[in-house]
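I have placed the structure first, in the form of structure tokens, so that the comments after it can refer back to it.
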Amino acid sequence: MARRTIVTGSASGIGRATADLLRARGEQVIGVDLRDAEVRADLGTPAGRRDAVESLAAALPDGVDSVVACAGIAAQEPATVAVNYFGTTALLAGLRPLLARGTDPRAALVASITATSALDEATVAACLDGDEERAVACAAEAAPYEIYPSSKAALARWVRRTCLAPGWADAGIPLNAVGPGVVRTPMTDGLFSDPARKAAMDEAVPMPLNGYAGPETVAAALAWLTSPENTHVTGQLLFVDGGAEVALRGEGLR
Ligand code: NAI
């Protein structure tokens with residue numbers, strides 16, 4: 001039977017490239033997005049997430065084999081926390097029972113190199129407490145440029161916290177994140193057309209190895225993390241960033 005995979009953010013960019021890659025490998029992909037997807041849902045709201053989980057459970061009564069959560073936005077506004085953190089974690093938690101019925105079940109999400117940037121600890125703490133209202137309120141008080149990194153750092157920590165919790169490692173389900181550097185997608189289009197913003201981005205995210213990535217590069221990493229070949233990698237944030245994380249943080253691991 002073809003491997004059954006759910007991909008969020010499947011209408012564009014990294015999610016679309018992932019869906020295309022997995023379909024080309026013969027997998028059955030069920031996309032979730034605001035538009036142009038098998039399941040249309042707004043993952044920025046509790047009701048949208050609930051509807052998405054219900055629709056997916058109805059469409060996949062025998063379970064799902066992998067979930068790849070790519071949907072996200074980069075706006076410097078509090079709603080970014082709702083979409084990026086809660087839209088990802090609530091969906092993955094809601095789909096875990098479906099994964100538990102799958103074959104070689106795997107899950108992965110998309111964090112970012114910015115998980116290592118300046119962030120707002122209050123927002124991150126509220127996210128990890130699962131308190132969406134407080135997280136959005138904290139984000140409204142944070143510096144706007146800290147909101148997106150906070151949502152992504154919280155995701156990376158959630159992966160580490162959750163991967164060994166009951167129902168994940170003990171059920172044979174690896175849970176990982178990728179941390180892309182700058183990827184050429186509709187999300188970053190505006191950065192390339194503005195020389196000042198491009199210069200700032202190049203300084204913030206230096207990519208000595210092969211420069212900006214295409215979405216298919218990140219898709220390949222997500223495809224491996226969620227493939228049956230991945231039997232022992234869990235809780236990791238795999239930077240797919242042309243060396244940016246090493247350039248910024250150096251050789252030490254602690
Ligand atoms: P994109 O804008 O091309 O695609 C994002 C997709 O998510 C779109 O199809 C959009 O409709 C969907 N989406 C947004 N809000 C949603 C919601 N409320 N409910 C359901 N779907 C929603 O962006 P891209 O670049 O493909 O981004 C994918 C992920 O990669 C995001 O989580 C982003 O933060 C992350 N990322 C992107 C980087 C880049 O340089 N492009 C770098 C690091 C991380």
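Start at 1 with the first residue, then count along the sequence. Start at 1 and go down the list; that is how both ligands and their atoms are numbered. For clarity, every value in this text was computed on a predicted model and none was experimentally measured.
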Min N/O separation Tyr148 to ligand 1 under 3.5 Å: yes
Under 3.5 Å: N/O of Val183 near N/O of ligand 1: yes
Given that the side chain starts at C-beta and the backbone is N, CA, C, O, which of these parts of [X] lies under 4.0 Å from ligand 1, counting heavy atoms, or is it both or neither?
{"X": "Asp42", "result": "both"}
{"X": "Ala74", "result": "neither"}
{"X": "Thr185", "result": "side chain"}
{"X": "Ser10", "result": "neither"}
{"X": "Lys152", "result": "side chain"}

Does a side-chain heavy-atom distance below 4.5 Å link [X] with [Y]?
{"X": "Val81", "Y": "Ser150", "answer": "no"}
{"X": "Asn210", "Y": "Met207", "answer": "no"}
{"X": "Asp202", "Y": "Lys198", "answer": "yes"}
{"X": "Asp33", "Y": "Thr8", "answer": "no"}
{"X": "Trp168", "Y": "Thr234", "answer": "no"}

Using a strict 4.0 Å cut-off to heavy atoms of [X], name the atoms of ligand 1 that fall inside it.
{"X": "Ile73", "value": "14 (C), 15 (N)"}
{"X": "Val110", "value": "29 (C), 30 (O), 35 (C)"}
{"X": "Ser112", "value": "43 (C), 44 (C)"}
{"X": "Ala71", "value": "7 (O), 21 (N), 22 (C), 32 (O)"}
{"X": "Val182", "value": "40 (O)"}
{"X": "Pro186", "value": "3 (O)"}
{"X": "Gly44", "value": "18 (N)"}
{"X": "Thr188", "value": "39 (C), 40 (O), 41 (N)"}

Does ligand 1 have an atom that lies less than 4.0 angstrom from a heavy atom of [X]?
{"X": "Val83", "answer": "yes"}
{"X": "Gly181", "answer": "yes"}
{"X": "Ala111", "answer": "yes"}
{"X": "Cys70", "answer": "yes"}
{"X": "Ala82", "answer": "no"}

Is it the case that atom [atom1] in [X] sees more than 12 heavy atoms from other parts of the structure closer than 6.0 Å?
{"X": "Arg160", "atom1": "CZ", "answer": "no"}
{"X": "Arg161", "atom1": "CZ", "answer": "no"}
{"X": "Arg40", "atom1": "CZ", "answer": "no"}
{"X": "Arg16", "atom1": "CZ", "answer": "no"}

So which heavy atom in the protein is nearest [atom], and how far is it from that ligand atom?
{"atom": "atom 20 (C) of ligand 1", "value": "Ala41 O, 3.3 Å"}
{"atom": "atom 27 (O) of ligand 1", "value": "Met187 CE, 3.7 Å"}
{"atom": "atom 1 (P) of ligand 1", "value": "Ser12 OG, 3.6 Å"}

Check against side chain to side chain contact (heavy atoms under 4.5 Å, CB included), Arg106 and Ser227: CA-CA 7 Å; Arg106 311 280 183 259; Ser227 72; 6.0 Å; no
Check: Gly44 main-chain N/O paired with Asp42 side-chain donor or acceptor under 3.5 Å: yes
Pairs meeting criterion ring pair (Phe, Tyr, Trp, His ring centres under 6.0 Å) with involvement of residues 191-219, two or more places apart: Phe192-Tyr212
Residue list, side-chain contact (heavy atoms from CB on, under 4.5 Å) with Ala75, at least two apart or on another chain: Glu77, Thr80
Heavy-atom proximity to [atom], best of [options]:
{"atom": "atom 5 (C) of ligand 1", "options": "Gly13, Ala37, Gly72", "result": "Gly72"}
{"atom": "atom 22 (C) of ligand 1", "options": "Thr8, Leu34, Ile14", "result": "Leu34"}
{"atom": "atom 10 (C) of ligand 1", "options": "Asp33, Leu43, Leu191", "result": "Asp33"}

Atom pair CG/CG of Leu225 and Asn176 - distance to nearest 0.5 Å: 5.0 Å
Side chain to side chain contact (heavy atoms under 4.5 Å, CB included) between Cys138 and Asp120, intermediate numbers included: CA-CA 8 Å; Cys138 289; Asp120 181 62; 4.3 Å; yes
